[in-house]
Amino acid sequence: MTDITSIGEILIDLTQTGVNGAGVPLFAANPGGAPANVAAAASRLGASAAFIGKVGEDGFGSYLRGVLEENGVDSSGLRLGEAPTTMAIVTVDPSGERSFRFVRGADRDLTPDEVDEATLQNTKILHFGSVSLTRGASRSATIFAARTARQAGALVSYDPNYRAALWPNQSSAVEWMAIPLPLVDVLKLSEEELPLLTGSSGLEEGTARLAAQGIPLVLVTLGGAGVFCRWQGRTWSQPGVPVKVADTNGAGDTFLGAVLSRLCRRPGRPLEGLTAAELKDILAFANRAAAFTCSRSGAIPAMPALAELFDSEGGPRLP
């Protein structure tokens, strides 16, 4: 049985790195896509992981399959489509301001028929995000995967990562981002996404509204300040780990991958019998992993291996 299966987008982050002598922009093609990042982070931290998604039958698609496999992620669920591999293009103006444009391709074309039910029925945790809910057949494939895995007894993890450029308007985004909530056991969202889903920017009130919808574990990431947690009627803030930041790309995905990698190690169902003290240890571990990612450039290339998080005596190691 696989510990963690992610479904959703895997793409190329085409990021401007500067200009050449003639003033022509230079770009680096980095692997990206939040669900793929989560799977890679969990794998690097000792969990068995698999990914379900779709890329184009092109060089970028082959490269992304290789990235998954190099990071120990089972890529047998990665399908090939007629559309090219999806790209997120990040450009930088002379003042240093970044702008984003998504060129959607194969990721949105994943159909329910292309999702292997046996994989969903043999995973401890199923994870997905909201980008695959924005448009195309991937909406149906994602909801199908969450329902099938939940019916098979898997824990369902969801990151409603809001990207305004991918939605026709905010009201459509809120409607679709809320649809999977009844299926969710672990919800990870940012401070900015909390009011979108709850109508409240207050951590106590917003997370209480989510818990009232039947979500057992709610995690609100707070950047360098750490994470706010609601579990079994209790709330607390788990402080972040101070670090000299090189790049925050992939930090939230590393955090969630780390949380899931610890939950799947527990005997029985991942949340069954989980104490607040145990969860605090898990969140401290995840914050430390995210700090390591922030201390280095890139997303997947910056993610830590399990051995990096502990010293020679098994104690916590800081970046």
Side-chain angles (χ1 to χ4, degrees), residues 4 6 8-20 25-47 49 51 53 55 58-73 75 78 85-92 96-103 105 107 127 129 131 159 161 163 165 188 190 221 223-224 240-261 285-309 317-319:
I4 299 162
S6 281
E9 75 279 5
I10 185 169
L11 50 80
I12 292 292
D13 275 325
L14 201 61
T15 305
Q16 186 177 350
T17 57
V19 296
N20 68 10
L26 302 175
F27 290 82
N30 295 305
N37 289 345
V38 169
S43 176
R44 289 171 74 114
L45 294 172
F51 180 78
V55 293
D58 49 36
F60 281 152
S62 298
Y63 166 66
L64 291 173
R65 184 184 296 276
V67 168
L68 290 174
E69 293 172 352
E70 287 167 10
N71 284 276
V73 179
S75 68
L78 189 64
T85 300
T86 295
M87 292 189 294
I89 302 174
V90 186
T91 54
V92 185
E97 286 295 317
R98 298 191 305 169
S99 62
F100 298 82
R101 181 178 179 84
F102 291 87
V103 182
D107 82 286
H127 171 72
V131 169
D159 179 2
N161 45 333
R163 299 290 182 266
K188 193 281 286 184
S190 69
T221 53
V241 175
V243 65
K244 183 178 180 180
V245 175
D247 183 350
T248 60
N249 190 19
D253 300 327
T254 300
F255 168 83
L256 184 54
V259 169
L260 299 181
S261 77
F285 170 83
N287 281 342
R288 205 161 74 249
F292 267 88
T293 296
C294 288
S295 73
R296 304 184 283 223
S297 296
I300 291 177
M303 292 173 177
L306 183 61
E308 293 182 84
L309 300 183
R317 181 173 176 266
L318 301 178

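Atoms considered below: every heavy atom in the structure, side chains included; atoms not considered: hydrogens, waters and symmetry mates. All figures in this text were calculated on a predicted structure; none of them were measured in a lab.
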Evaluation steps, side-chain contact (heavy atoms from CB on, under 4.5 Å), between D159 and V38: CA-CA 10 Å; D159 179 2; V38 169; 5.8 Å; no

List the steps, then state whether side-chain contact (heavy atoms from CB on, under 4.5 Å) holds for F102 with V131. CA-CA 11 Å; F102 291 87; V131 169; over 6 Å; no

Report the C-alpha distance between D58 and T85 in whole Å, list the side-chain angles of each, state the deciding distance to 0.1 Å, and finish with yes or no for side chain to side chain donor-acceptor pair (under 3.5 Å). CA-CA 7 Å; D58 49 36; T85 300; 2.7 Å; yes

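Note that CZ of F60 and CG of L14 are 6.0 Å apart. Values are rounded to the nearest 0.5 Å. Of the inter-residue distances, the one linking L45 atom CG with I4 atom CD1 reads 9.0 Å to the nearest 0.5 angstrom. The distance from atom CG of L64 to atom CZ of F51, rounded to the nearest 0.5 Å, is 9.0 Å. Once rounded to the nearest 0.5 Å, the distance linking CZ of R44 with CG of N71 reads 5.0 Å. Atom-to-atom distance recorded for L78:CG and L68:CG is 6.5 Å, nearest 0.5 angstrom. The line from CZ of F292 to CG of L309 is 5.5 Å long, rounded to the nearest 0.5 Å.
Pairing each heavy atom of G105 with each of T86, the nearest pair is N-OG1, 2.8 Å. A pairwise comparison of heavy atoms in I300 and P31 identifies CD1-CB, 4.4 Å as the closest pair. Minimum interatomic distance between T17 and A28 (heavy atoms only, all atoms of both residues): CG2-CB, 3.7 Å. The two atoms that bring S297 and A302 nearest to each other are O-CB, 3.5 Å, heavy atoms only.
For R296, the salt bridge (Lys or Arg N to Asp or Glu O under 4.0 Å) partners two or more places apart in sequence, or in a different chain, are E308. For the salt bridge (Lys or Arg N to Asp or Glu O under 4.0 Å) test, no residue two or more places apart in sequence or in another chain qualifies with E69.
A side chain to side chain contact (heavy atoms under 4.5 Å, CB included) with K188 holds for exactly one of T221, L260, N161, V259; it is T221.
Of the possible polar contacts, one joining the R288 side chain to the R317 backbone as a donor-acceptor pair under 3.5 Å is found. With S43 contributing its side chain and A40 its backbone, the two residues share no donor-acceptor pair below 3.5 Å.
At least one side-chain heavy atom of E9 sits under 4.5 Å from a side-chain heavy atom of P35.
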Could you give the side-chain donor-acceptor pairs of residues 250-258 under 3.5 Å, partners two or more places apart or in another chain?
unit_1	atom_1	unit_2	atom_2	d
D253	OD2	N37	ND2	2.9
T254	OG1	G250	O	2.9
T254	OG1	T293	OG1	2.9

